[in-house]
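Structure, as structure tokens:
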Amino acid sequence: MKKLEELKTFEDACQVEGLDPEKVIPDFSVYPEEDREAMAAHAKLVIIAKAANRLANEMQPWSPNWDNGKWDKYYPWFVLGGSSGFRYGGYDYWYSYSFVGSRLCFLSYKVAEYVGNQFIDLYKQYFVK
């Protein structure tokens with residue numbers, strides 16, 4: 001796999017990152033049952049974000065540099081409610097002086113939009129109970 005558009009599943013992301021999808025998600029059984037699905041979805045989204053950024057960056061790892069205020073960082077933006085329920089609603093960029101980075105941001109609008117649409121069900125599991 002060499003193109004972002006080929007990234008369709010969590011298993012694809014694991015392949016890009018060289019991970020075993022059967023072993024990479026931690027055991028969340030020690031946490032309250034109502035939180036486990038969201039925690040597993042977050043763990044999967046972190047791997048998907050790494051893979052998507054790598055594919056969009058000529059197979060080189062990418063992580064946001066929060067010290068560089070001129071370097072935009074993007075993340076999917078969702079709309080919850082109304083007649084359409086939970087849906088992808090666009091993207092945004094973030095500017096921050098934080099020394100703690102987000103694991104779910106992307107290097108471009110295109111990547112944020114693609115992942116937000118392609119993995120909307122995982123985002124829903126993560127955000128909505």
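A quick note: this is a predicted structure, and the numbers were derived from the prediction, not measured.
Closest heavy-atom contact between Tyr123 and Pro76: OH-CG, 3.6 Å. Summarising the geometry of Tyr126 relative to Ala38, their closest heavy-atom pair is CD1-O, 3.5 Å, with the distance given to 0.1 Å. The nearest pair of heavy atoms linking Ser29 to Arg36 is O-NH2, 3.0 Å. The minimum heavy-atom distance linking Leu104 with Tyr75 is given by the pair O-CB, 3.9 Å.
Dense packing is recorded around NZ of Lys8, with more than 12 heavy atoms of other residues, nucleotides or ligands lying under 6.0 Å away. Counting heavy-atom neighbours within 6.0 Å of Glu5 CD, excluding the residue itself, gives a total above 12.
Put simply, the side chain of Asn57 never gets that close to the backbone of Ser63: no donor and acceptor are under 3.5 Å apart. Put simply, the side chain of Tyr114 gets close to the backbone of Leu7: a donor and an acceptor are under 3.5 Å apart. In this structure a side-chain-to-backbone donor-acceptor pair under 3.5 Å is present from Lys73 to Asn65.
The structure places CG of Asp12 at 8.5 Å from CD of Glu6, a figure rounded to the nearest 0.5 Å. To the nearest 0.5 Å, the span separating NE2 on His42 from CG on Asp35 amounts to 13.5 Å. Expressed to the nearest 0.5 Å, how far CZ of Phe106 lies from OH of Tyr74 amounts to 13.5 Å. Separation of atoms CD (Glu34) and CE (Met39) is listed at 11.0 Å; rounding is to 0.5 Å. For the atom pair CG (Leu45) and CG (Leu122), the distance works out to 5.0 Å, reported to the nearest 0.5 Å. To the nearest 0.5 Å, atom CG of residue Leu19 and atom CD of residue Glu11 are 12.0 Å apart.
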Report task. Let me see the working for Ile47 and Lys44 under side-chain contact (heavy atoms from CB on, under 4.5 Å), right down to the final yes or no. Result -> CA-CA 5 Å; Ile47 293 166; Lys44 289 178 181 181; 5.9 Å; no

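Considering Leu4, Ile48, Leu107, Val16 as possible partners of Asn53, the one that fulfils the side-chain contact (heavy atoms from CB on, under 4.5 Å) test is Leu107.
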